[in-house]
> 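Take a look at this one; I'll ask things after.
All chains are named by letter (A, B, ...) in the order of the sequence lines, taking the proteins before the strands, and each is independently numbered beginning at 1.
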Amino acid sequence: MLLSKYLLPTLKETPADAEITSHKLMIRAGMLRKVSAGIYNYLPLCLRVIKKIENIVRDEMDKAGALELLMPILTPAELWQESGRWTVYGKELMRMQDRHENEYALGPTHEEVITALARNEVKSYKQLPLCLYQIQDKFRDEVRPRFGVMRSREFIMKDAYSFHSSEKCLDNYYQIMYEAYSNIFKRCGLRFRAVLADSGAIGGDNTHEFMVLAQSGESRVISCPNDNCGYAATDETAKSKIFQPEKEEFLELRLVDTPSQKSIEEVSNFLKLPKYKLVKTLLYKYDDGVAAALIRGDCEVNEIKLKHILNTINLELADDKTIEEISGCEPGYAGPLNLKKQIKLICDSSLKQLTNFVVGANEKDKHYINVNHQRDFKIEKFYDIRLANPGDRCINCDAVLEEYRGIEVGQIFKLGTKYSAKMNAVYNAEDGKLKPFVMGCYGIGITRIVAAAIEQNNDEKGIVWPLNIAPFSVIILPLNKPNSEEFKIAEKIYNEIKIKNIDVVLDDRAVGPGFKFKDAELIGIPYQIIVGAKSLNEQSIEIGIRKTGEKILVKISEVSEKIEELLYEK
RNA sequence: CGGGCAGUGGCGCAGUUGGUAGCGCACCUGCCUUGGGAGCAGGGGGUCGCUGGUUCAAGUCCAGUCUGCCCGACCA
């Protein structure tokens, strides 16, 4: 490839609306241009990276026995209605009508389409297991697209779906996919962790997210530093152990004045009691009802966990009016005793050991002290609704948990029969009976990998591509003007390397050396072949290594050999 | 959806009390230069987001509207 014929609009200045490193660099390096909010042109340099990643993904998917196919982007509403997601998916689903006013959605994921395909085409257990995948544009109408391709409304995703005749077979294949995913991210040169996660709108029980470690990541992961344990989970899912106070002898329940003391902080200071001796009562509205979540004062409620327990997707803290209706008093004094209306109590297990604690009295400016559950109010069951935090202890090995931030680049799910049962996707089992497919699904955000790779691999000069996903492996920089001696040698080296099937680009533009160096560094090509007068006297050129800044002097006659050595032996 | 900010050549920005739309980068032509975004000379490119209003006169003032960005809420 000749750079003079390439579209490479690099910028000296950082665009005003880019916030994170990868977004800035993708724009400056001439990879990305915005078309509309969360919608982008991927310029040629970017597409080369995308294709490299796609090919790694294809290779690993094929090795895992998956078959590539291509489904439509435009999908009919009926399929989404069958699964129930036409309503459940909410506003993120991009919807549209055709001229006959039939409704469609631009696919954000393809469980429905693939399940409908399998329902029609896969009839027998003999055809199972089967895994199909595609690499395709996906649409999600994000509330707030941001950070360039990190959170965009149209993006490229690899989505795979597997069909099995038993849970056991799915478990087995899930493990194969786990390995395939690990290989993919390793080959892309990413530092990542697989963590336990919540399954969100796609559904299913068991799921791992693959997180690329980065400060700019939008996800928070709680992990165990003990390598033998390896526990790691997103903050939505993470469990932990916390400090448990000694049980005390029950003291007499008392109503005390706490004038204008509402928050845990205030009441704790006022009564001179540690926060863990207080119990928070939070009222939540969900679907048509209200529930009270009880948790120790030094802990926070994890709303995702609470959603699962209440089996709802709509959950929000109750407004002041609702609080008054339930507790009979203004917000700040709600408690489990004497509630005006009986509602469901969801009690966190942090209360289990707790004795003689404080709760709101459902009366203005009053709290109860020396409250004990079972004596003063009944708790039928304890749940885990607590947000895990770094500093808590690991549930497996008791080590102190850590926290880091990550970019989610992939997720694998066990769906079970969630979709096949609803959509009546059945096959003939060995015993002659009709059974719904047991399914799994597996996604990778291809374009998000591009951004994640840049987040992890950059310096003050620009991008530093991992070799396997670099748009070009080698860039040749003749430092003199066209038709000079340097240019002729550079062209010769270019032709030599090109026939070896190496991705090489020749910077044959009629610009100064500084310009060429800056661009080569900005776009992050791993190896530069520098052809300049300085070393030419000695019949040598320099090979610059982007990552280290190191320069190796090599005889002109040995350049292509040396390049091969660098590319294939490292 | 709530709060804040902003829309002026491709990009980054300036434009004062209303009075001929400017600068840097990029682009084009020529000369010159080639180990770190060089220099000189010349040049092209704009209905100042849109609609309406005030005014002799609006990028500038007023009203409305659209779009974008940031924070929050939300989120495979």
> According to a 3.5 Å limit on both distances, what stems of 3 or more consecutive Watson-Crick or G-U pairs are formed with RNA chain B?
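Listed by first number, the stems are B:1-7 with B:66-72, B:10-13 with B:22-25, B:27-31 with B:39-43, B:49-53 with B:61-65.
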> Regarding G532(A), tell me which of base, sugar-phosphate or nothing describes its non-hydrogen contacts under 4.0 Å with the strands shown.
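Here G532(A) touches the bases of the nucleic acid.
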> Assuming nearest nucleotide by heavy-atom distance, tell me which of A533(A) and A16(A) is located more 5' along RNA chain B.
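It is A16(A), whose closest nucleotide lies nearer the 5' terminus.
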> Check whether the side chain of K518(A) and the base of rG35(B) form a donor-acceptor pair under 3.5 Å.
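Checked by distance alone, the answer is no.
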> Identify which nucleotide among rC75(B), rG12(B), rG68(B) has an atom closest to any side-chain atom of P15(A), counting heavy atoms from C-beta outward.
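When the side chain of P15(A) is considered, rG12(B) is the closest of rC75(B), rG12(B), rG68(B).
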> Starting from the 5' end of RNA chain B, give me the residue, E142(A) or K551(A), whose nearest nucleotide shows up first.
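Closer to the 5' end of RNA chain B: K551(A).
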> With no angle test and no hydrogens, is the base of rC70(B) tied to the side chain of R146(A) by a donor-acceptor pair under 3.5 Å?
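No, no donor-acceptor pair under 3.5 Å.
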> Nearest to the side chain of E303(A), which nucleotide is it out of rG37(B), rG12(B), rC74(B)?
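So the nucleotide nearest the side chain must be rC74(B).
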> In whole angstrom, what separates R151(A)'s CZ from rC71(B)'s P?
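Rounded to whole Å, this separation is 13 Å.
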> So for E521(A) and rG36(B), does any side-chain atom that can act as donor or acceptor lie under 3.5 Å from a complementary atom in the base?
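Flag set: donor-acceptor pair detected.
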> Between T207(A) and Q411(A), do the side chains contain an N or O donor and an N or O acceptor separated by less than 3.5 Å?
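Distance-only check passes for T207(A) and Q411(A).
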> Between H208(A) and Y178(A), is the ring centroid distance below 6.0 Å?
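Ring-ring flag for H208(A)/Y178(A): true, centres closer than 6.0 Å.
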> Could you tell me whether the side chain of D519(A) has a donor or acceptor atom within less than 3.5 Å of a complementary atom in the base of rG37(B)?
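Such a pair exists between side chain and base.
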> Establish, for the pair R448(A) and F155(A), whether the NZ or CZ atom is under 6.0 angstrom from the six-membered ring centre and no further than 45 degrees off its axis.
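Because its charged atom misses either the 6.0 Å distance or the 45° angle limit, R448(A) does not stack over F155(A).
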> What interatomic distance, in whole Å, is found between C1' of rG3(B) and the corresponding atom of rG46(B)?
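Pairwise C1' distance, rG46(B) against rG3(B), rounds to 34 Å.
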> Is the ring of F515(A) stacked on the base of rG37(B), with centres less than 5.5 Å apart and planes under 30° off?
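No, F515(A) does not stack on the base of rG37(B).
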> Taking the six-membered ring of Y174(A) as reference, does the NZ or CZ atom of K414(A) fall below 6.0 Å from its centre and within a 45° cone about the axis?
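Positive - K414(A) is close enough to the ring of Y174(A) and near enough to its axis.
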